[in-house]
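Dropping the structure in here first, questions after.
Both backbone and side-chain heavy atoms feed into the values below; hydrogens, waters and symmetry mates do not. Every chain is numbered from 1 and lettered A, B, ... according to where its sequence line falls, protein lines coming before strand lines.
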2 protein chains.
Amino acid sequence: MGGESEKWILMVTARTPTNIAVIKYWGKRDETLILPINDSISVTLDPSHLCTTTTVSVSPSFDQDRMWLNGKEISLQGGRFQSCLREIRARAQDVEDKKKGIQIKKEDWQKLHLHIASYNNFPTAAGLASSAAGLACLVFSLAKLMNLKEDNSQLSAIARQGSGSACRSLYGGFVKWVMGKEDNGSDSLAVQLADEKHWDELVIIIAVVSAQQKETSSTSGMRDTVETSALIQHRAKEVVPKRTVQMEDAIQNRDFPSFARLACRDSNQFHAVCLDTYPPIFYMNDTSHRIISCVEKWNRAEGIPQVAYTFDAGPNAVMIARNRKTAALLLQRLLYNFPPQSDTDLDSYIIGDKSILIDAGIKDMKDVEALTPPPEVKDNIPLTQKSKGDVSYFICTRPGGGPVVLSDETQALLDPLTGLPK
Amino acid sequence: MGGESEKWILMVTARTPTNIAVIKYWGKRDETLILPINDSISVTLDPSHLCTTTTVSVSPSFDQDRMWLNGKEISLQGGRFQSCLREIRARAQDVEDKKKGIQIKKEDWQKLHLHIASYNNFPTAAGLASSAAGLACLVFSLAKLMNLKEDNSQLSAIARQGSGSACRSLYGGFVKWVMGKEDNGSDSLAVQLADEKHWDELVIIIAVVSAQQKETSSTSGMRDTVETSALIQHRAKEVVPKRTVQMEDAIQNRDFPSFARLACRDSNQFHAVCLDTYPPIFYMNDTSHRIISCVEKWNRAEGIPQVAYTFDAGPNAVMIARNRKTAALLLQRLLYNFPPQSDTDLDSYIIGDKSILIDAGIKDMKDVEALTPPPEVKDNIPLTQKSKGDVSYFICTRPGGGPVVLSDETQALLDPLTGLPK
């Protein structure tokens, strides 16, 4: 093992996207292996706007596995981290870096320790699937470091054991998490339905909604639903299988009306089974409801859906517009209904792909204040009655690509000499 | 027909309670006859606090059927009113009032016109089942006027055609609306499970919640649910039949924990299928959610349920406390979390049976401000952060009796000489 001295450090840095489910995962049939009770389908979000970057490193000088998240050291003792580390080490291969004169035999990986640093380019607490991107990135970068032969689909079955929805972040575009049948979970993994270029007209706008109440974690929430809801099994066995097939067709055919109707209905049904849980779980709040009403009213006025919405385990709305033109019209409606607070500047209120703002003809707050009610709204809402501050900010983005290795060493989160966060 | 002159007026005045379902009615199998897709069970509310009073009168001098609701004339042309009037006239009998010298043959009722005046002792628009009490009272008072031989259960099948839940207002105490099997609806009627004395410890507190959004009417809401929800049929066919049996047992045995769990879960499931409707229907709002959290937190802390909650097609909470002592503790919690606005006096904030307020040790606003957080709440909520004005007022009441005829003529809503509203 190793080069001349024992001081060498080998590093890999990778970037992995988040994803948003359009057919929802809710409920496990195996808590430890994280095996779901139904298939799910997601859209991968552009990592330029929402992603996790992770640097993994190995060195004979490291005396324990350590991890830093957003600059702060966190424990790796959790069962989910340990499952992922164990599964990856078991598949590790010989690694040779001739330039650095490093050679690692596959059996060495059991003894070598790791330093891991991870960073989200969006607020961790905002309820934007940070654990999905994080665990996927951990598994992907470790697999590259340890030279695993497994493809992304096989890696997704490892990431799944860290965080269920993480398995869907191993691919870009449109991804299906096949629930699988095996007790050991070997066939419960992600497959790509189509890449991000297949349907590149879509534009995604996320409303990060201010929450007052502390939320139920999705882990305990879905356990409570499986244990107490009288509707969840009917959803998993009768409803979702049909919807999954229909959603795959809608994606293949770029059939936006079907895509939108399925996504909206499945999001609503997921929240319905949360409400049917005892005690009930509320993830959406009045602001979420108002966003839905705004979209539904517009879709109804147009005759066919212009925008789909979907909500995960929190009040944030993820809206998918059929194209850029629709997205600009959506942004106008959102800013009309949910203007920023007086002390918020537009530049921090609309983040991500700001070109949508230009398409919407909005340059500054004066343009926001000048917005007139959309045709489907009968009465002009006085500015004083609008709910300023109910939305923290909006993120404009689009479907995006899967995990990538960042070969530029300046992007590494760990110092190549010390193996500690930069 | 008639006495010496044609100037006579014959009148009946009756009072009918509202009811709150603890196993919910949602969804019709026949829109015209109003036949439900499942059984439902309700508690009748004390008419001293929530009731409809109706005076019906007949006179050969009336040239058309007319009706006044809360003093304002309304149309009787609606199909539902017409169904009730037709069904009752078809069953009318000979009537003789020897004192007044009036004789009406049953065939005369087809030609005689009616004047009807109805009054709710609570706000009609507050979403407190005013149509249930109203239609039940119309049918009950007309049945008395026209000397029908049918018992209250048979009358309930007529009231059902005016407003589904009205059929459950024909009895006091605990009432089951049997869905029935016949296509003509003849067996879809209410039966009394137990009278109001059977379980007289229960105390009911209603939070009338301020609503911002206009609500979906229950008629169109349940139609949309039946047409679009993928869960409603499973609820109606698989879930409710079991719950109905369990709820009947809980009522017979005065088993409060079972009663509370079933009522809460069924209310939540009704709102879940509303959310599963497309487009989704939201009846509860953030205030409703906070009331549920308050009750659930307390119930969990106590180990067994102290209070049940149930919500109809609106944000108002109906809470059922196991006894007076629990009701006083509940009222303290509600006033702690939802104090009145500064300009509201306590006397108009807590209405109905104000003795619960005395039991809770609250005489004035100073006592409300001095309330300390209940033991299950860890952090004291500063008064400035509390949601003043989210609840409009509370009504304290209890299970109550069924319809009664008011023989005291001074309580009539119509002038005995003119047949017009007093």
Side-chain angles (χ1 to χ4, degrees), chain A residues 211-214 216 225 228-235 237-240 242-243 260-290 292-300 305 309 311 315 378-379 381 385 387 390, chain B residues 211-214 216 225 228-235 237-240 242-243 260-290 292-300 305 309 311 315 378-379 381 385 387 390:
Chain A
Q212 286 188 316
Q213 279 197 310
K214 208 191 156 197
T216 310
T225 301
T228 65
S229 167
L231 303 175
I232 182 69
Q233 293 302 334
H234 183 74
R235 162 174 166 73
K237 288 177 185 148
E238 304 295 329
V239 183
V240 177
K242 287 175 198 136
R243 281 191 184 160
R261 275 188 283 259
L262 288 163
C264 296
R265 292 180 74 150
D266 206 65
S267 172
N268 294 334
Q269 187 169 88
F270 150 51
H271 292 277
V273 298
C274 288
L275 188 43
D276 189 52
T277 302
Y278 195 70
I281 304 167
F282 312 111
Y283 286 124
M284 294 198 289
N285 64 20
D286 285 350
T287 307
S288 317
H289 293 175
R290 283 211 312 283
I292 290 179
S293 298
C294 165
V295 172
E296 289 289 358
K297 204 177 277 180
W298 185 26
N299 282 346
R300 199 161 49 244
Y309 55 81
F311 294 73
K378 283 183 196 99
D379 308 309
I381 310 165
Q385 278 180 32
S387 5
D390 287 352
Chain B
Q212 286 189 315
Q213 279 196 308
K214 209 193 157 197
T216 310
T225 301
T228 65
S229 167
L231 302 175
I232 183 69
Q233 293 301 335
H234 184 74
R235 161 173 166 73
K237 287 177 185 147
E238 304 296 329
V239 182
V240 176
K242 288 175 197 133
R243 281 191 183 159
R261 274 188 284 260
L262 288 163
C264 295
R265 292 180 74 150
D266 206 65
S267 173
N268 295 334
Q269 186 169 89
F270 150 51
H271 292 278
V273 297
C274 288
L275 189 41
D276 189 52
T277 301
Y278 194 70
I281 305 166
F282 312 112
Y283 286 123
M284 295 198 287
N285 64 19
D286 285 351
T287 307
S288 317
H289 293 174
R290 285 211 311 284
I292 289 180
S293 298
C294 165
V295 171
E296 288 290 357
K297 203 177 278 179
W298 184 27
N299 282 347
R300 200 161 50 245
Y309 55 81
F311 294 73
K378 283 183 195 100
D379 308 309
I381 311 164
Q385 278 179 32
S387 6
D390 286 352

- prompt: How long is the gap from CD on A/Gln269 to CG on B/Leu231, to the nearest 0.5 Å?
  reply: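 The distance works out to 4.0 Å.
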
- prompt: What is the minimum heavy-atom distance between B/Ala272 and A/Leu275, and which atoms define it?
  reply: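 Of all heavy-atom pairs spanning B/Ala272 and A/Leu275, the closest is N-CD2, 3.7 Å.
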
- prompt: Relative to chain A, which segment of B/Glu296 carries a heavy atom at a distance below 4.5 Å: side chain, backbone, both, or neither?
  reply: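 B/Glu296 touches chain A through side-chain heavy atoms alone.
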
query: Among pairs that include at least one residue of residues 270-283 of chain B, which meet salt bridge (Lys or Arg N to Asp or Glu O under 4.0 Å), considering only residues two or more places apart or in two chains?
result: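 Checked against salt bridge (Lys or Arg N to Asp or Glu O under 4.0 Å) - neighbours excluded - no pair reaches residues 270-283 of chain B.
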
- prompt: Between atom OH of A/Tyr278 and atom CG of B/Asp266, what is the distance when rounded to the nearest 0.5 Å?
  reply: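 A/Tyr278 atom OH to B/Asp266 atom CG measures 12.0 Å (nearest 0.5 Å).
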
task: Rounded to the nearest 0.5 Å, what's the gap from OG1 on B/Thr277 to CG on A/Asn268? Could you check?
output: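 Nearest 0.5 Å value for the OG1-CG distance: 9.0 Å.
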
task: Classify the angle between the aromatic ring planes of A/Phe282 and B/His289 as parallel (below 30°), tilted (30 to 60°) or perpendicular (above 60°).
output: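 Plane angle under 30°, so parallel.
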
- prompt: A/Ser267 versus chain B, heavy atoms under 4.5 Å apart: side chain, backbone, both or neither?
  reply: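 Contact with chain B: none, neither part.
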
field: Gap separating the NE2 atom of A/His234 from the NZ atom of B/Lys237, nearest 0.5 angstrom
entry: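 One finds 9.5 Å between NE2 of A/His234 and NZ of B/Lys237.
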
